[in-house]
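Have a look at the structure below before the remarks.
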Amino acid sequence: MLEHIRYLPAHVLGMHAAGHVTIGDYEKALRPLLEQQVKQTGRINFLLILETKIKNFTAGAWCGNIRLGLKYFTRWNKVAVVTDQDGVREFSHLFKYILPGKFAGYKLEELDEAVKWVTGIK
């Protein structure tokens, strides 16, 4: 399930992933919010709190993730991935070599730092 995080400033889109994540979650929850974000700000500042294992993402969800990444290829500005899965945090750093923008991984206990970084608010 993907759930919109509503407490962030308007220039940042936040999602919380928990349990089982499907392509339907991307289509219903994430895609419309990304479109709205790009229309409003022209770029994407994104916070993902990942409290589910990667194995809980269906193949369709992975395809949706890649498709959205490429659709907004030039719009990514800052992406913070917050998770206690070491491999996922490290993997998020690889995106800086693929997509424009800045990418950072944080532990769940570092959520406040991630929010400060992605929002630019100190």
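All residue numbers in this chain count up from 1 along the given sequence.
- For the pair Lys102/Trp117, a side-chain contact is recorded, criterion being any heavy-atom separation below 4.5 Å from C-beta on.
- Put simply, Val12 and Ile5 are part of the same group of oily side chains (I, L, V, M, F, W, Y) that touch within less than 4.5 Å, one to the next.
- Listed by chain and residue number, Tyr7, Leu47, Ile49, Val82, Val115 satisfy the side-chain contact (heavy atoms from CB on, under 4.5 Å) test with Leu111 (two or more places apart in sequence, or in another chain).
- Residues passing the side-chain contact (heavy atoms from CB on, under 4.5 Å) test with Pro9, sequence neighbours excluded: His11, Thr119, Ile121.
- The side-chain heavy atoms of Trp76 and Arg43, taken from C-beta on, include no pair separated by under 4.5 Å.
- With sequence neighbours left out, Glu35 forms a side-chain contact (heavy atoms from CB on, under 4.5 Å) with Arg31, Lys71, Tyr72.
- Among Asn45, Leu30, Val79, Leu48, the single residue meeting the side-chain contact (heavy atoms from CB on, under 4.5 Å) criterion with Leu13 is Leu30.
- His16 meets the side chain to side chain donor-acceptor pair (under 3.5 Å) test with Glu51; sequence neighbours excluded.
- With sequence neighbours excluded, the residues that form a side-chain contact (heavy atoms from CB on, under 4.5 Å) with Ala29 are Leu2, Met15.
- Across all their heavy atoms, Val118 and Phe46 have their closest contact at CG2-O, 3.5 Å.
- Distance CG/Leu34 to CZ/Arg75: 12.0 Å, rounded to 0.5 Å.
- For residues 2-26, no pair satisfies salt bridge (charged side-chain N to carboxylate O under 4.0 Å, His left out), with sequence neighbours left out.
- Between the side chain of Glu113 and the backbone N or O of Glu110, no donor-acceptor pair lies under 3.5 Å.
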